[in-house]
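Every value quoted in this text rests on a predicted model; they were computed, and no experiment measured them. Note on naming: letters A, B, ... go to the chains in the order of the sequence lines (proteins, then strands), and numbering restarts at 1 for each one. In what follows, every heavy atom counts, from backbone to side chain, and hydrogens, waters and symmetry copies are set aside.
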Amino acid sequence: MTIRLYDTATREVRDFVPLQEGKVGLYVCGLTVQSEPHVGHVRSAVNFDVLQRWLRHRGFEVTFIRNITDIDDKILVKSAEQGRPWYNLAYAMKIELDKAYAALNVAPPTYEPAATGHIPEMIVLIERLIERGHAYPAADGSGDVYFDVRSWASYGELTHQGVDDMEPAADADPRGKRDPRDFALWKGRKESEPATASWPSPWGPGRPGWHIECSAMAGKYLGDAFDIHGGGVDLRFPHHENEQAQSRAAGGAFASYWMHNAWITTAGEKMSKSLGNTLSIPAILERYRGAELRFYVVAAHYRSHVEFSFDALDEAAVGYRRIEAFLDRAGTGEIGALPEAFATAMDDDLGTPAAVAVLYDTVREGNRLLAAGDDEAAAEAARSVAAMLDVLGVHPADPAWAGTGSSDGEARLTAAVDALVAGLLDERTQARADKDWARADAIRDRIKAAGIEVTDTPDGPTWTVS
RNA sequence: GGUGGGUUGGCCGAGAGGCGAGGCAACGGACUGCAAAUCCGUGUACACGGGUUCAAAUCCCGUACCCACCUCCA
């Protein structure tokens with residue numbers, strides 16, 4: 001079975017053929033740590049986490065590098081506004097990001113390099129580009145170094161654009177650029193910027209341009225040629241176009257496949273740091289469990305635009321609880337065989353919607369078997385369901401959820417409530433045995449008034465917080 | 001101006017020439033003291049106008065509307 005992936009560069013779904021058999025080098029652009037993570041950021045992380053899990057499931061040894069950008073214009077501006085050091089802001093937001101990842105069961109990558117930790121690698125790369133005639137220090141003495149787009153004939157190949165068709169950079173400030181489309185590899189330090197935000201370089205003190213970090217880090221950890229490069233669609237241009245141009249101009253083959261996840265928007269507008277209509281992860285997690293949010297994200301195809309709404313999230317959560325309830329009833333969380341149809345869906349460019357459909361089909365079949373009294377077959381179905389949930393990273397029994405749900409205190413509270421409710425339920429069971437329906441319903445209503453839902457099952461009554 | 005993506009039933013959301021993905025909601029039925037849960041059943045969905053074809057949501061041409069990227073963005 002071959003995994004097929006949509007490659008942005010060729011605009012088609014292609015068979016995935018790794019550079020080295022059985023191994024995958026995967027690089028994903030992580031975040032610029034400048035504010036709290038929102039649903040959109042997490043979508044990217046979840047999508048690529050699913051990719052990673054699937055590749056591993058298919059037997060590949062995956063080296064997964066996801067960087068974080070901890071120095072850039074925005075961080076400098078925001079930290080100045082907030083009156084704190086830029087590195088403190090970046091560090092604090094990095095901690096928030098880690099929490100969000102953990103809450104959504106996003107597995108850590110092989111390594112998470114930070115831009116500031118790779119300045120020497122970037123300098124080496126910039127020097128090589130200058131030697132090869134693809135970059136030049138600004139003529140205006142600013143200390144900037146630019147990539148020379150005109151010197152690289154295939155510039156624009158990733159996004160299929162010709163240089164002359166591109167709008168010249170809106171930020172204008174041509175400074176020492178030969179062409180307005182040339183982009184900064186290195187930014188000379190400005191008087192207004194903190195000294196801590198600059199590093200020594202052959203061109204004077206300064207800091208890296210945005211794109212060069214990914215080229216340097218991907219090269220360092222994955223080599224000059226690697227398999228898959230991912231990120232959000234907005235990154236295609238300029239970020240990924242520039243990365244590819246730099247890396248190839250420096251002599252590397254760079255990524256074989258480019259994967260881009262689509263947006264999550266609210267009210268039709270993309271969530272963006274600058275629009276301020278962010279839906280932060282901590283805010284959502286106050287109302288939904290991490291697994292529910294993750295299930296919502298995973299149920300949509302990664303290349304489809306998702307219009308975020310709490311109604312849709314509710315729906316996903318309801319569906320997820322139905323799956324959990326089945327697992328509970330079938331009495332196993334053990335991981336079994338993955339249905340063939342599920343694997344086929346996943347192989348086809350991570351077709352999670354079709355995969356989720358198989359998941360639901362299996363749950364329905366399992367419930368049917370349970371009703372028919374075939375517990376053994378139902379357990380078998382449950383093991384399949386668990387296997388599918390595990391691949392998607394939403395298995396309820398995954399220890400990853402342990403920290404996010406009930407704490408020790410909560411567990412003790414649950415035990416206390418259970419003892420109290422049990423007494424009332426005993427009374428009700430007696431009333432029902434006496435066919436005193438009025439009294440039985442009165443007790444149920446009283447419990448319900450306290451916010452607890454009673455459900456009768458063949459094995460006796462159970463309760464849940466409604 | 002350039003480059004892409006989209007418009008699917010009450011709603012969410014797949015699919016990419018023939019067979020109604022799946023979910024949520026709704027309605028009917030089974031089960032239940034009643035509920036809940038679960039199962040079974042119920043839908044003439046593909047923006048619009050042409051065309052190709054035995055057959056089009058799917059391909060082609062045109063139109064409308066929406067969205068993204070074009071140097072801050074997941």
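- Among the heavy atoms of the strands lying under 4.0 Å from A:Gly30 are primed sugar atoms or P, OP1, OP2 only; no base atom is included.
- Within 4.0 Å (heavy atoms only), A:Arg236 reaches sugar-phosphate atoms of the nucleic acid but no base atom.
- Only the C1' atoms considered, B:rA45 is 6 Å distant from B:rU8, to the nearest whole Å.
- Closest approach to the A:Lys74 side chain among B:rC34, B:rU71, B:rC72 is made by B:rC72 (side chain taken as heavy atoms from C-beta onward).
- In this structure, B:rC59 forms a base pair with B:rG51, meeting either the Watson-Crick or the G-U wobble geometry with both donor-acceptor distances under 3.5 Å.
- Separation of the P atoms belonging to B:rU42 and B:rG23 is 14 Å when rounded to the nearest angstrom.
- Judged by atom type and distance alone, A:Arg303 does not reach the base of B:rG5 through any side-chain donor-acceptor pair under 3.5 Å.
- Rounded to an integer number of Å, the gap from CE of A:Met388 to P of B:rG22 is 14 Å.
- Nearest nucleotide to the A:Gln161 side chain, out of B:rG13, B:rU71, B:rU3: B:rU3.
- An OP1 or OP2 oxygen of B:rC24 is reached within less than 4.0 angstrom by a side-chain nitrogen or oxygen of A:Arg322.
- Among the heavy atoms of the strands lying under 4.0 Å from A:Phe183 is at least one base atom, whether or not backbone atoms are also near.
- An OP1 or OP2 oxygen of B:rG23 is reached within less than 4.0 angstrom by a side-chain nitrogen or oxygen of A:Arg364.
- In this structure, A:Arg14 is not positioned above the aromatic face of A:Tyr6 in the sense of NZ or CZ being under 6.0 Å from the six-membered ring centre and within 45° of the axis.
- Among the atoms of the strands shown, only primed sugar atoms or phosphate atoms (P, OP1, OP2) are found under 4.0 Å from some heavy atom of A:His301.
- B:rU44 makes up no base pair with any nucleotide shown, lacking Watson-Crick or G-U wobble contacts both under 3.5 Å.
- Look at A:Arg181 and A:Asp179 and you find a salt bridge, because one of the NZ, NE, NH1 or NH2 atoms lies within 4.0 Å of a carboxylate O, short of that distance.
- The side chain of A:Arg11 sits closest to B:rU3 out of B:rU3, B:rG22, B:rC70.
- As judged by a 4.0 angstrom heavy-atom cut-off over every strand, A:Asn47 is placed among residues making no nucleic acid contact.
- Put simply, NZ on A:Lys99 and CD1 on A:Ile281 are 13.0 Å apart, with the number rounded to the nearest 0.5 Å.
- Centroid-to-centroid, the aromatic rings of A:His260 and A:His240 come within less than 6.0 Å.
- Listed nucleotides B:rC40, B:rU38, B:rC24 differ in distance to A:Glu315; the shortest reach to its side chain belongs to B:rC24.
- Using atom P as the reference point in both B:rA68 and B:rC27, the two lie 38 Å apart (nearest Å).
- Which of B:rC40, B:rG13, B:rA68 sits closest to the side chain of A:Trp263 comes down to B:rA68.
- Between A:Glu324 and A:Arg321, none of the side-chain N atoms (NZ, or NE/NH1/NH2) sits under 4.0 Å from a carboxylate O, so this pair counts as no salt bridge.
- Separation of the C1' atoms belonging to B:rG1 and B:rU44 is 45 Å when rounded to the nearest angstrom.
- Pairing for B:rA64 is with B:rU7, a Watson-Crick or G-U wobble pair whose two hydrogen-bonding atom distances lie under 3.5 Å.
- Among the heavy atoms of the strands, none lies under 4.0 Å from A:Asp311.
- Distance NZ (A:Lys435) to C1' (B:rG33): 7 Å, rounded to an integer number of Å.
- Across all strands, A:Arg428 comes closer than 4.0 Å to base atoms (heavy-atom distances).
- Using a 4.0 Å heavy-atom cutoff across all strands shown, A:Val77 reaches no nucleic acid atom at all.
- Heavy atoms of A:Ser309 sit nowhere under 4.0 angstrom from any nucleic acid atom.
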I would like to know whether A:Trp152 and A:His134 meet ring-ring contact (aromatic ring centres under 6.0 Å, His included); could you show each step before the answer? CA-CA 7 Å; A:Trp152 185 245; A:His134 295 301; 5.4 Å; yes
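- For A:Arg181 and B:rU71, the shortest distance from a side-chain N or O to OP1 or OP2 is not below 4.0 Å.
- If you take CZ of A:Arg43 and P of B:rA68, they are 15 Å apart, rounded to a whole angstrom.
- If you check distances only, the side chain of A:Asp441 does reach the base of B:rG33 with a donor-acceptor pair under 3.5 Å.
- Note on A:Phe342: nothing from the nucleic acid sits closer than 4.0 angstrom, heavy atoms only.
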Decide ring-ring contact (aromatic ring centres under 6.0 Å, His included) for A:Phe308 and A:Tyr296; before the verdict, give the C-alpha distance in whole Å, the side-chain angles of both, and the deciding distance to 0.1 Å. CA-CA 10 Å; A:Phe308 181 89; A:Tyr296 171 61; 5.7 Å; yes
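- The aromatic ring of A:Tyr360 is not stacked on the base of B:rG22, since the criterion of ring centres less than 5.5 Å apart with planes inclined by under 30° is not met.
- If you check every strand for non-hydrogen atoms under 4.0 Å, A:Asp73 touches nothing.
- Nearest-nucleotide positions on RNA chain B for A:Tyr296 and A:Leu235 put A:Tyr296 closer to the 5' end.
- Atoms CD (A:Glu241) and P (B:rU3) sit 14 Å apart, rounded to a whole Å.
- Straight-line distance from the CE atom of A:Met259 to the P atom of B:rG4: 20 Å, rounded to whole Å.
- Using N1 to N3 plus N6-O4 or O6-N4 for Watson-Crick, or N1-O2 and O6-N3 for G-U wobble, each under 3.5 Å, B:rU71 pairs with nothing.
- Note on A:Asp441 versus A:Arg444: salt bridge recorded, some NZ/NE/NH1/NH2 to OD/OE distance being below 4.0 Å.
- Geometrically, A:Arg66 engages A:Tyr101 in a cation-pi contact, judged by NZ or CZ lying under 6.0 Å from the ring centre and within 45° of the ring axis.
- The residue A:Gly319 sits apart from the nucleic acid: no heavy atom pair falls under 4.0 Å.
- B:rC65 and B:rA55 have their C1' atoms separated by 30 Å, with the value rounded to a whole Å.
- Remark: C1' of B:rC24 and CD of A:Glu307 are 17 Å apart, rounded to the nearest angstrom.
- Atom CD in A:Gln430 sits about 17 Å away from atom P in B:rG33, given to the nearest Å.
- Here A:Asp314 lies out of heavy-atom contact (under 4.0 Å) with every strand.
- The side chain of A:Asn367 sits closest to B:rC39 out of B:rC34, B:rC12, B:rC39.
- Base contact: A:Thr455 has a heavy atom under 4.0 Å from a base atom.
- Comparing A:Asp361 and A:Glu365 against RNA chain B, the residue whose closest nucleotide sits nearer the 5' end is A:Asp361.
- Summarising the geometry, the separation between OH on A:Tyr6 and P on B:rA16 is reported as 14 Å, rounded to the nearest angstrom.
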